[in-house]
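Chain letters run A, B, ... following the sequence lines, proteins first and then strands; every chain starts at 1.
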Amino acid sequence: MPELPEVEVVRRTLAPGLVGERVAAVEVRAPALREPLDAGALRRDLEGRLVEGLRRRGKYLLVDLEGGRTLALHLGMTGQLTLTAAGPERPPEPHEHVVFRLASGRSLRFRDPRRFGLAFTAATAALEADPHFAHLGVEPLGSGFRGRHLAAAASRRRGPVKPFLMDATVVVGVGNIYASEALFAAAIHPRRSVARISAARWERLAGAVRDTLRRAIEEGGTSLSDFVDGEGRAGAYQVSLAVYDREGRPCPRCGAPIRRFVQAGRSTYHCPRCQR
DNA sequence: CGTAGACCCTGCGCGC
DNA sequence: TGCGCGCAGGGTCTAC
């Protein structure tokens, strides 16, 4: 579910209610997500501390805390981060694995049924060296992301362009939905070899990735089944999807039926007429 | 070295 | 209605 746009939407909707707040208590209710939760470290690094800022790196949400530590959260496939409303606290729902109680009386809830998510802390100043981040590639919405960057990364690689685009060591944040969507926008076939893409097409693809992600953020993200923002609201970009989850439906550009096939174990959607 | 496949986990929709 | 199967937006590890 959560690719870069969804994580960015969560960041933007959480920031007003979270930044400047103080963490009163941390309750760990499930022992393990993708990695075991270190309840002691979470309490030590968060309790009594002010939240100084909210950032994003790829699909990670970064909560900077007073005292030089940062809480890193990853939503995996089904993760949700929501702030409870002011007033009496509701009891935790199923799959709410971590509850961050705030001094205001509200709380930040981390819910993740499939438990592919992550929650851990690290020194703010040394985040880039953390094994979770050290290998990550460029931010697609940053100034360093151009066709040139993709072409350079591709020169050391083989194989089809769609899994390449989803490789976080190349560029971060592009998951299964937006890889299909960006390739459609750039009119590039997902099976095309990275060795057979011209400089002009790499430039077009980089632009398509940027535009697709930006538009999805503006629309509040894609809610196919369970994505919600920091206030519990669904996104709207699912109605703007051109190809993803639209097998058999007409291509919005030419009307040909959208096709689905499996690539590196994931569903890929494309228009066989528009994408070459 | 790079790529393909299995695997982690729960829930849902579908066909029978 | 109930059951089994396939599939799902993430990433990592192993085997080639």
Side-chain angles (χ1 to χ4, degrees), chain A residues 1-10 29-37 56-61 72-81 93-98 110-120 130-137 140 152-183 190-195 209 212-213 216-217 219-229 234-248 260-269:
Chain A
M1 164 216 312
E3 304 183 27
L4 185 150
E6 288 73 33
V7 178
E8 178 61 22
V9 166
V10 168
R29 312 179 64 245
L33 297 181
R34 199 170 87 222
E35 296 169 5
L37 288 163
R56 181 190 55 72
R57 173 76 171 109
K59 296 173 187 167
Y60 287 88
L61 193 68
L73 297 161
H74 194 290
L75 301 179
M77 293 272 259
T78 54
Q80 298 176 340
L81 276 168
E93 287 172 17
H95 306 301
E96 280 185 356
H97 305 311
V98 191
F110 186 11
R111 177 170 184 272
D112 183 10
R114 285 179 77 179
R115 289 196 265 130
F116 288 166
L118 288 174
F120 61 93
D130 185 281
H132 295 91
F133 304 108
H135 65 286
L136 292 182
S155 70
R156 300 182 283 272
R157 303 281 295 266
R158 300 187 313 270
V161 63
K162 196 248 192 175
F164 170 80
L165 201 54
M166 291 175 65
D167 185 339
T169 68
V170 175
V171 55
V172 295
V174 182
N176 205 38
I177 293 179
Y178 298 111
S180 279
E181 292 295 310
L183 286 165
R191 268 203 272 250
R192 176 169 281 272
S193 163
V194 297
V209 167
T212 304
L213 298 180
I217 292 169
E219 294 293 318
T222 298
S223 294
L224 284 175
S225 61
D226 51 15
F227 169 72
V228 293
D229 69 17
Y237 195 74
Q238 60 278 7
V239 302
S240 301
L241 294 174
V243 293
Y244 187 85
D245 203 27
R246 291 177 51 83
E247 182 180 18
R260 170 190 177 275
F261 65 95
V262 174
Q263 212 173 10
R266 318 291 297 272
S267 282
T268 297
Y269 298 86

Contacts of A/R57 that satisfy salt bridge (Lys or Arg N to Asp or Glu O under 4.0 Å) - sequence neighbours left out |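 A/R57 satisfies salt bridge (Lys or Arg N to Asp or Glu O under 4.0 Å) with A/E139 only.
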Any protein N or O atoms within reach of nucleotides 8-10 of chain B? Criterion: under 3.5 Å, listing atom names and distances.
unit_1	atom_1	unit_2	atom_2	d
B/dC9	O3'	A/R115	NH2	3.0
B/dC9	O2	A/R114	NE	2.9
B/dC9	N3	A/R114	NH2	3.4
B/dT10	OP1	A/R115	NH2	2.5
B/dT10	O4'	A/P113	O	3.4
B/dT10	O3'	A/H95	NE2	3.4

Residues that [X] engages under side chain to side chain contact (heavy atoms under 4.5 Å, CB included), provided they are two or more places apart:
X	result
A/K59	A/E3, A/V7, A/H74
A/E96	A/R29, A/R90, A/P92, A/E93, A/R109, A/R111
A/S193	A/A195, A/R196

Contact nearer the 5' end of DNA chain C, comparing A/H132 with A/N176 =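 The residue mapped nearer the 5' terminus is A/N176.
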Name all residues meeting the ring pair (Phe, Tyr, Trp, His ring centres under 6.0 Å) criterion together with A/Y244; count only those two or more places apart in sequence or in a different chain, and write none if there are none.
->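 Residues passing ring pair (Phe, Tyr, Trp, His ring centres under 6.0 Å) with A/Y244: A/Y269.
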For A/F133, check ring pair (Phe, Tyr, Trp, His ring centres under 6.0 Å) against everything at least two apart and list the hits.
->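 In terms of ring pair (Phe, Tyr, Trp, His ring centres under 6.0 Å), with neighbours along the sequence ignored, A/F133 is linked to A/Y60.
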Pick out the pairs of N or O atoms, protein on one side and nucleotides 14-16 of chain C on the other, that lie under 3.5 Å.
none

Hey, what do you get for CG (A/D245) to CD1 (A/I177), rounding to the nearest 0.5 Å?
->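 One finds 8.0 Å between CG of A/D245 and CD1 of A/I177.
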Taking OP1 and OP2 of C/dA8, is either one under 4.0 Å from a side-chain nitrogen or oxygen of A/S267?
->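 True: A/S267 side-chain N/O within range (under 4.0 Å) of C/dA8 OP1/OP2.
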Side chain to side chain contact (heavy atoms under 4.5 Å, CB included) between A/Q238 and A/F227, worked out | CA-CA 11 Å; A/Q238 60 278 7; A/F227 169 72; over 6 Å; no
Contact class for A/G175 (heavy atom, under 4.0 Å): base, sugar-phosphate, or nothing?
->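 Contact class for A/G175: sugar-phosphate only.
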Protein-nucleotide distance (A/M166, atom CE; C/dT12, atom C1'), rounded to Å =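 Between C1' of C/dT12 and CE of A/M166: 14 Å.
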For A/S223, what residues pass the side chain to side chain donor-acceptor pair (under 3.5 Å) criterion, not counting sequence neighbours?
->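 A/S223: no side chain to side chain donor-acceptor pair (under 3.5 Å) contacts found.
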Just jot down the side chain to side chain donor-acceptor pair (under 3.5 Å) partners of A/E247, sequence neighbours excluded, or say none.
->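 Partners of A/E247 under the side chain to side chain donor-acceptor pair (under 3.5 Å) test: none.
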Enumerate the protein-to-nucleotides 1-3 of chain B contacts in which both atoms are nitrogen or oxygen and the separation is below 3.5 Å.
unit_1	atom_1	unit_2	atom_2	d
B/dT3	OP1	A/R157	NE	3.2
B/dT3	OP1	A/R158	N	3.0
B/dT3	OP1	A/R158	O	2.3
B/dT3	OP2	A/R157	NE	2.7
B/dT3	OP2	A/R157	NH2	3.0

A/E219 side chain vs A/S240 backbone, donor-acceptor pair below 3.5 Å =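 No; zero donor-acceptor contacts below 3.5 Å.
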Under a 3.5 Å cut-off on both pairing distances, which runs of 3 or more consecutive Watson-Crick or G-U pairs involve DNA chain B?
->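 The stems that DNA chain B takes part in, listed by first number, are B:2-8 with C:10-16, B:10-16 with C:2-8.
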